[in-house]
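Note sheet for the following structure.
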2 protein chains.
Amino acid sequence: MTRDGIDGEAPTLDQARRQVEHYGLEVDPQAVLVAVRLISAGARVGRAAEAHFARFGLSTGRYRLLADLEDHGGEKSPSRLAADLDVSRATITGLLDGLEREGLIARRPSTEDGRGTVAVLTARGAQRLRDMASEHFGRLEAMVGGLSIEERAVFLDLLARVVRGSAALAAD
Amino acid sequence: MTRDGIDGEAPTLDQARRQVEHYGLEVDPQAVLVAVRLISAGARVGRAAEAHFARFGLSTGRYRLLADLEDHGGEKSPSRLAADLDVSRATITGLLDGLEREGLIARRPSTEDGRGTVAVLTARGAQRLRDMASEHFGRLEAMVGGLSIEERAVFLDLLARVVRGSAALAAD
DNA sequence: AGGCAATAGTTAGCCCCCTAATCACCTTGG
DNA sequence: CCAAGGTGATTAGGGGGCTAACTATTGCCT
């Protein structure tokens with residue numbers, strides 16, 4: 001498991017230790033390992049999610065947008081979507097373009113703001129969500145099936161704290 | 001903290017419950033929440049990492065490649081890099097292109113395989129790693145600073161198991 | 001009222017990652 | 001010994017995300 005070259009994906013404690021020593025730093029190798037594993041895990045999970053949504057002709061971003069729209073009654077402005085999904089407005093434009101091309105959402109001008117637009121979930125979009133719901137949620141559940149209820153609670157807590165800590169990466 | 005609209009980023013248990021109910025599924029909302037939070041956290045951390053590496057004129061992928069190269073004595077074939085970093089060979093080609101353009105690595109033809117190339121860490125590349133080491137590792141350490149030693153160990157374990165579970169997303 | 005900063009949305013250009021297809025070279029087996 | 005299949009690397013084309021810059025509209029403030 002700590003072998004080299006075979007699994008080739010998860011960074012090891014040895015690697016972290018070697019690096020820290022190589023530069024003569026006084027940093028805890030385990031802390032580095034946790035950080036590196038999290039970054040690596042994030043990428044892996046992200047790609048798995050992308051493959052998952054591809055089955056339904058969607059991507060992670062497009063699904064999140066659709067689901068958020070539905071949860072909000074089927075209508076929302078792009079700016080609001082950007083804030084709620086925590087991505088840039090430009091990204092929302094791109095996601096809406098794709099979803100509109102497939103007829104899963106529609107854009108209509110805002111009635112109360114001349115600059116504004118509102119994204120509307122179409123019947124087709126709602127249908128797509130319905131069609132995939134069972135398999136989608138089933139797989140999500142299976143993904144965390146290896147953890148007990150208590151472990152899940154602990155994981156949620158730790159994850160939230162590390163995510164908060166990740167601000168330290170980008171700070172300044 | 002479970003309020004809506006303010007933090008606008010982390011999905012809530014309420015949302016998960018609403019969705020599951022909406023489709024009349026027998027799925028544990030907490031399990032869904034954990035999965036969704038993980039996916040969302042992965043994206044967030046990934047973007048933070050990208051911003052972090054941008055400070056040094058690198059990206060996550062480029063840094064990982066450089067670090068792996070150094071840890072391996074400064075030389076490795078693209079295929080080997082692809083396997084060890086767990087990305088496609090095409091991605092490695094792109095990363096090497098960028099790094100070569102900046103003079104951080106060089107490509108030279110393999111001596112024992114006419115098809116092969118080997119990526120070599122240049123002095124400039126090694127220097128770049130040295131220059132950023134202190135800040136880089138310091139920030140990584142700060143990122144997980146909110147967790148105690150024991151919590152880090154627990155987190156590593158849970159993370160590994162969830163990542164293993166993420167195969168369930170892409171399976172079939 | 002008139003000017004000007006703030007906001008909504010889009011566009012353009014960049015990087016990362018992917019898959020599929022291509023070309024070159026290696027290796028094996030009839 | 002040479003054809004066929006395998007492997008190394010690249011290219012082409014796609015999607016997602018970002019920032020910065022641009023257009024249009026709003027709304028505040030003097």
Which nucleotide in the list [options] gets nearest to the side chain of [X]?
{"X": "A/Asp113", "options": "D/dT25, C/dG9, D/dT11", "answer": "D/dT25"}
{"X": "B/Ala90", "options": "C/dT19, C/dT11, D/dG15", "answer": "C/dT19"}
{"X": "B/Arg107", "options": "C/dC25, C/dC18, D/dT10", "answer": "D/dT10"}
{"X": "A/Arg89", "options": "C/dC16, D/dG17, C/dT10", "answer": "C/dT10"}

Just N and O in the side chain of [X]: are any of them under 4.0 Å from OP1 or OP2 of [N]?
{"X": "A/Ser59", "N": "D/dG16", "answer": "yes"}
{"X": "A/Ser88", "N": "D/dC18", "answer": "yes"}
{"X": "A/Arg47", "N": "C/dC17", "answer": "no"}
{"X": "B/Thr60", "N": "C/dC16", "answer": "no"}

Looking across every strand, which nucleic acid part, if any, lies under 4.0 Å from [X] by heavy atom: base, sugar-phosphate, or nothing?
{"X": "A/Leu95", "value": "sugar-phosphate"}
{"X": "A/Thr117", "value": "sugar-phosphate"}
{"X": "A/Thr91", "value": "base"}
{"X": "B/Ser79", "value": "sugar-phosphate"}
{"X": "A/Gly61", "value": "sugar-phosphate"}

Does a side chain donor of either B/Arg130 or B/Gln127 reach within less than 3.5 Å of an acceptor in the other side chain?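 Per modelled atom types, B/Arg130 and B/Gln127 side chains form a pair under 3.5 Å.
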Would you say the base of D/dT26 and the side-chain of A/Arg115 have a donor-acceptor pair closer than 3.5 Å? no
I need the minimum non-hydrogen distance between A/Arg139 and B/Leu169, along with the two atoms involved.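 Between these two residues, the closest heavy atoms are NH1-O, 3.4 Å.
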Within this structure, what is the [atom1]-to-[atom2] distance between [X] and [N], rounded to whole angstrom?
{"X": "B/Arg62", "N": "C/dC15", "atom1": "CZ", "atom2": "C1'", "value": "7 Å"}
{"X": "A/Glu100", "N": "C/dG9", "atom1": "CD", "atom2": "C1'", "value": "13 Å"}
{"X": "B/Arg80", "N": "D/dA9", "atom1": "CZ", "atom2": "C1'", "value": "17 Å"}
{"X": "B/Leu96", "N": "C/dC17", "atom1": "CG", "atom2": "C1'", "value": "14 Å"}

Please identify which of these residues, A/Val120, A/Leu121, A/Ile105, meets the side-chain contact (heavy atoms from CB on, under 4.5 Å) condition with A/Glu75. A/Val120
State plainly whether the residues A/Asp68 and A/Arg64 are in salt-bridge range, i.e. N to O under 4.0 Å.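 Result for this pair is no, no salt bridge flagged.
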Do A/Asp131 and A/Arg128 sit within salt-bridge range, that is, some charged N less than 4.0 Å from a carboxylate O? no
